[in-house]
Q: 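Could you have a look at this structure, given as structure tokens, before my questions?
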There are 2 protein chains.
Amino acid sequence: MEVRRDVFQAIADPTRRQIIAMVARQPLHVNAIAESFNVSRQAVSLHVKILTECGLVVIKKQGRERYCEARLEQLEEVTTWVDHCRQFWATQFKALDNYLQQVQTDKKTKR
Amino acid sequence: MEVRRDVFQAIADPTRRQIIAMVARQPLHVNAIAESFNVSRQAVSLHVKILTECGLVVIKKQGRERYCEARLEQLEEVTTWVDHCRQFWATQFKALDNYLQQVQTDKKTKR
DNA sequence: TATATTTGCAAGCAAATGCTTGCGTATTTA
DNA sequence: TAAATACGCAAGCATTTGCTTGCAAATATA
């Protein structure tokens with residue numbers, strides 16, 4: 001059974017984020033990606049491997065080259081989590097609003 | 001000058017994501033957070049510190065307790081990046097669409 | 001078929017990460 | 001004032017991460 005990589009962890013690395021942004025524009029093979037970075041080809045290759053392991057990138061073999069294509073559906077997990085948190089957050093402030101309004105009403109009633 | 005922590009790195013850890021989700025619902029002090037986890041108070045304290053360093057959480061002192069409040073504006077950086085990538089991605093497919101449509105048109109013209 | 005190119009895999013290593021334990025400090029409570 | 005509570009800091013340690021170098025496999029080219 002394959003251990004599913006964590007998408008959040010995958011995008012934590014700035015180099016990997018750059019790679020994702022690059023292949024989102026257009027599919028690229030590993031060497032083409034590596035040319036844009038100062039690290040070795042193997043380092044890039046490893047980053048790509050991590051990205052494929054969490055489904056953010058898929059490899060299409062074409063002869064001896066391997067093209068990396070972005071699969072950004074996986075980023076859904078990230079936006080979903082962010083939205084989730086934001087929703088709670090908004091609710092929290094709404095509750096505060098309600099409370100303040102209540103205080104205001106009480107004041108009026110008292111007066 | 002303070003070294004700004006990376007938001008992406010901050011949310012890479014599942015424990016920290018949980019902490020963010022918790023304090024997004026309501027402010028909590030460190031011990032209250034720690035009770036929900038199996039790790040030590042100090043471990044949680046360290047996670048909170050990391051979260052404050054990247055601005056996702058602010059500490060409000062109240063007596064001897066320190067309340068952690070969420071500051072989710074910082075998550076903007078994450079959603080912005082995701083949207084950015086998605087936009088390129090969509091453009092890529094649009095380009096493919098245009099190409100296919102062109103091929104189709106050419107066929108018709110030829111015929 | 002011999003050589004060049006693209007790539008993955010494995011070993012090794014320094015730095016970062018996440019955790020624990022022990023101790024000190026500030027604040028509250030008895 | 002003395003004890004309890006909430007918390008940060010620092011040291012120590014195992015694991016993970018990110019990188020490099022060396023080598024082997026697959027495919028293309030001469």
Side-chain angles (χ1 to χ4, degrees), chain A residues 1-23 26-71 78, chain B residues 2-23 26-71 74 78:
Chain A
M1 197 66 71
E2 189 188 334
V3 178
R4 194 68 143 94
R5 281 267 181 177
D6 188 20
V7 175
F8 288 91
Q9 185 130 19
I11 65 168
D13 186 274
T15 304
R16 283 198 289 270
R17 282 203 299 281
Q18 254 185 281
I19 292 174
I20 293 170
M22 284 171 71
V23 297
Q26 58 174 325
L28 292 167
H29 58 269
V30 180
N31 270 1
I33 297 170
E35 279 168 14
S36 299
F37 296 95
N38 286 328
V39 297
S40 69
R41 179 186 58 79
Q42 282 81 350
V44 170
S45 182
L46 217 150
H47 282 308
V48 168
K49 193 187 175 191
I50 289 170
L51 293 176
T52 59
E53 279 173 2
C54 71
L56 282 168
V57 159
V58 292
I59 304 289
K60 296 265 176 88
K61 280 190 75 172
Q62 275 186 21
R64 62 187 164 185
E65 291 172 339
R66 281 153 192 265
Y67 276 84
C68 304
E69 287 186 17
R71 279 290 177 277
V78 178
Chain B
E2 190 187 333
V3 178
R4 195 69 144 93
R5 280 266 183 180
D6 188 19
V7 175
F8 288 92
Q9 186 131 17
I11 65 169
D13 186 274
T15 303
R16 283 197 290 270
R17 282 203 300 280
Q18 254 185 281
I19 292 174
I20 293 169
M22 285 172 69
V23 298
Q26 58 175 325
L28 292 167
H29 59 268
V30 179
N31 271 359
I33 297 171
E35 279 168 14
S36 300
F37 296 95
N38 286 327
V39 297
S40 71
R41 178 186 60 78
Q42 283 82 349
V44 170
S45 181
L46 216 150
H47 282 308
V48 168
K49 193 187 175 193
I50 289 169
L51 292 176
T52 59
E53 280 174 359
C54 70
L56 282 168
V57 159
V58 292
I59 303 290
K60 296 265 177 88
K61 279 191 76 171
Q62 277 187 20
R64 62 185 164 186
E65 290 171 340
R66 281 151 192 264
Y67 276 84
C68 305
E69 287 185 16
R71 279 289 177 281
Q74 299 299 327
V78 178

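A note on names: the letters A, B, ... follow the listed sequences, proteins ahead of strands, and every chain is numbered from 1.
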Q: It should be established whether A:Ser45 places a side-chain nitrogen or oxygen under 4.0 Å from OP1 or OP2 of nucleotide C:dG8.
A: yes
Q: Assuming nearest nucleotide by heavy-atom distance, tell me which of A:Ala12 and A:Lys61 is located more 5' along DNA chain D.
A: A:Ala12
Q: Nearest to the side chain of A:Ala43, heavy atoms from C-beta on, is which of D:dC19, C:dC19, C:dG18?
A: D:dC19
Q: Start at the 5' end of DNA chain D and walk down; is the nucleotide closest to A:Arg64 or to A:Asp13 reached first?
A: A:Asp13
Q: At less than 4.0 Å, is any side-chain N or O atom of A:Asn31 found next to OP1 or OP2 of C:dT5? Yes or no.
A: no
Q: Applying a 4.0 Å non-hydrogen cut-off, can you work out what B:Gln9 is touching in the nucleic acid: base, sugar-phosphate, or nothing?
A: sugar-phosphate
Q: Heavy atoms, side chains only, cut-off 4.5 Å: are A:Lys61 and A:Arg66 in contact?
A: yes
Q: With the side chain of A:Thr15 defined as its heavy atoms from C-beta on, choose the nearest nucleotide among C:dC9, D:dC19, C:dT17.
A: D:dC19
Q: To the nearest Å, give me how far apart OH (B:Tyr67) and P (D:dA6) are.
A: 10 Å
Q: Taking only side-chain nitrogens and oxygens of A:His47, does any of them come within less than 4.0 Å of OP1 or OP2 of D:dC19?
A: yes
Q: Under 4.0 Å between any heavy atoms, over every strand shown, what does B:Ser40 touch: base, sugar-phosphate, or nothing? Just pick one.
A: base
Q: Do the side chains of B:Val30 and B:Ile59 get nearer than 4.5 Å, heavy atoms only?
A: no
Q: For A:Glu65 and D:dA28, what is the distance between atoms CD and P respectively, to the nearest whole Å?
A: 9 Å
Q: Rounded to whole angstrom units, what separation is found between the CD atom of B:Glu53 and the P atom of C:dA16?
A: 14 Å
Q: Got a donor-acceptor pair under 3.5 Å from the side chain of B:Gln42 to the base of C:dG18?
A: no
Q: Any side-chain to backbone donor/acceptor pair from A:Arg16 onto A:Gln9? Under 3.5 Å, distance only.
A: yes
Q: Atom CD1 of A:Ile11 to atom P of D:dT17: distance rounded to whole Å?
A: 15 Å
Q: Examine C:dT5: is either OP1 or OP2 under 4.0 Å from a nitrogen or oxygen in the side chain of A:His29? Give yes or no.
A: no
Q: Starting from P on D:dA6, measure out to CD1 on B:Ile59 and report it in whole angstrom.
A: 15 Å
Q: Compare all side-chain heavy atoms of A:Ile11 with those of A:Leu56 and state whether any distance is below 4.5 angstrom.
A: yes
Q: To the nearest angstrom, how far is A:Arg66 atom CZ from D:dA26 atom C1'?
A: 9 Å
Q: Just how far, in rounded Å, is P of D:dT17 from CG of A:Asp6?
A: 10 Å
Q: Calculate the interatomic distance between B:Glu35 atom CD and D:dT5 atom C1'; express it in whole Å.
A: 13 Å
Q: Using side-chain heavy atoms (C-beta onward) and a distance below 4.5 Å, is B:Pro27 in contact with B:Lys60?
A: no
Q: Report the residue (B:Arg41 or B:Leu46) whose heavy-atom-nearest nucleotide on DNA chain C is the more 5′ of the two.
A: B:Leu46
